[in-house]
Amino acid sequence: MAKLPGHPVRGSTTGRPIMALLDLLGQRWTLRILWELKAGAMTFRALREVCDGVSPTLLNTRLKDLRQVQFVELTDSGYALTKMGRELVEEFSALDRWAEGWAKTLNQ
């Protein structure tokens, strides 16, 4: 079960919203699931395949957590980002651009 803002999380006894978010995003496979869903809805099986064979148990747990915090929903087409989930993934775009530049700098 995901820890919600206002409850203690790893590294924060106060449960500040940013700390709760970072704790959730820091869990294994969470970021990858969100990143893969940015392209659109996916079935459980398709999501498992693009996530390099994450175990079904762990994928199910992460999807349950992401649904609990309203980042992911189950639709007729499969799992999809909610409006809030899309907004969060959009925030990653700047970080993605920065990481691409960083990688180029390191590979010179």
Side-chain angles (χ1 to χ4, degrees):
M1 175 181 274
K3 301 285 180 139
L4 302 175
H7 295 87
V9 295
R10 289 179 298 169
S12 174
T13 57
T14 64
R16 290 187 180 113
I18 187 66
M19 297 306 292
L21 177 63
L22 292 174
D23 183 61
L24 174 67
L25 297 178
Q27 292 177 351
R28 197 170 36 145
W29 293 104
T30 300
L31 279 170
R32 178 69 183 269
I33 293 164
L34 291 170
W35 194 254
E36 295 298 344
L37 288 175
K38 76 179 184 154
M42 301 179 90
T43 64
F44 185 90
R45 179 175 284 174
L47 190 54
R48 185 165 180 245
E49 287 176 16
V50 298
C51 287
D52 301 321
V54 59
S55 79
T57 302
L58 186 55
L59 180 57
N60 190 49
T61 299
R62 293 298 176 257
L63 287 169
K64 183 188 288 187
D65 289 347
L66 290 169
R67 288 175 70 191
Q68 178 191 4
V69 298
Q70 301 177 14
F71 292 165
V72 170
E73 61 188 346
L74 184 56
T75 68
D76 292 339
S77 302
Y79 290 94
L81 295 174
T82 62
K83 181 179 184 283
M84 194 179 316
R86 288 188 304 274
E87 290 171 357
L88 175 62
V89 170
E90 182 60 35
E91 294 295 327
F92 296 153
S93 295
L95 189 57
D96 183 42
R97 284 190 301 277
W98 183 90
E100 291 293 333
W102 173 58
K104 287 177 185 174
T105 300
L106 293 176
N107 291 324
Q108 289 181 359

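Residue L25 holds its CG atom at 6.0 Å from CG of L88, rounded to the nearest 0.5 Å. Atoms NZ and CZ, from K38 and R86 in turn, are 14.0 Å apart once rounded to the nearest 0.5 Å. Distance check, rounded to the nearest 0.5 Å: CG of L66 to CG of L74 gives 13.0 Å.
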For L24 and V69, what are the C-alpha separation, side-chain angles and deciding distance, and is it a side chain to side chain contact (heavy atoms under 4.5 Å, CB included)?
-> CA-CA 9 Å; L24 174 67; V69 298; 3.7 Å; yes
Going through the checks in order, is the side chain to side chain contact (heavy atoms under 4.5 Å, CB included) test met by V72 and T82?
-> CA-CA 5 Å; V72 170; T82 62; 5.6 Å; no
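Scanning for side-chain contact (heavy atoms from CB on, under 4.5 Å) contacts around S93 gives E90, R97, with sequence neighbours left out. Considering only residues two or more places apart in sequence or on other chains, Q70 meets the side-chain contact (heavy atoms from CB on, under 4.5 Å) condition with M84. Under the side-chain contact (heavy atoms from CB on, under 4.5 Å) criterion, D76 pairs with no residue, sequence neighbours left out. Residues satisfying the salt bridge (charged side-chain N to carboxylate O under 4.0 Å, His left out) test with D52, not counting sequence neighbours, are R32. By the salt bridge (charged side-chain N to carboxylate O under 4.0 Å, His left out) test, E49 is found to be paired with no residue, residues two or more places apart in sequence or in another chain being considered. Partners of K104 according to the side-chain contact (heavy atoms from CB on, under 4.5 Å) rule, which considers only residues two or more places apart in sequence or in another chain, do not exist here.
Membership of the apolar cluster around L106 extends to W98, W102, as traced through chained side-chain contacts below 4.5 Å between ILVMFWY residues.
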Which side-chain N or O atoms in residues 57-64 pair as donor and acceptor under 3.5 Å with protein atoms at least two apart or in another chain?
from	atom 1	to	atom 2	distance (Å)
T61	OG1	T57	O	3.0
R62	NE	R28	O	2.7

Taking distance alone, no hydrogens or angles, what donor-acceptor pairs closer than 3.5 Å link side-chain atoms of residues 13-23 to residues at least two apart or in another chain?
from	atom 1	to	atom 2	distance (Å)
T14	OG1	S12	OG	3.0
T14	OG1	R16	N	3.4
D23	OD1	R10	NE	2.4
D23	OD1	R10	NH2	3.0

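Heavy-atom minimum distance, L34 versus V89: O-CG2, 3.8 Å. Counting all heavy atoms, side chain and backbone alike, S55 lies closest to R48 at C-NE, 4.0 Å.
Each ring pair (Phe, Tyr, Trp, His ring centres under 6.0 Å) pair with one or both residues in residues 15-73, not counting sequence neighbours, would appear here, but there are none.
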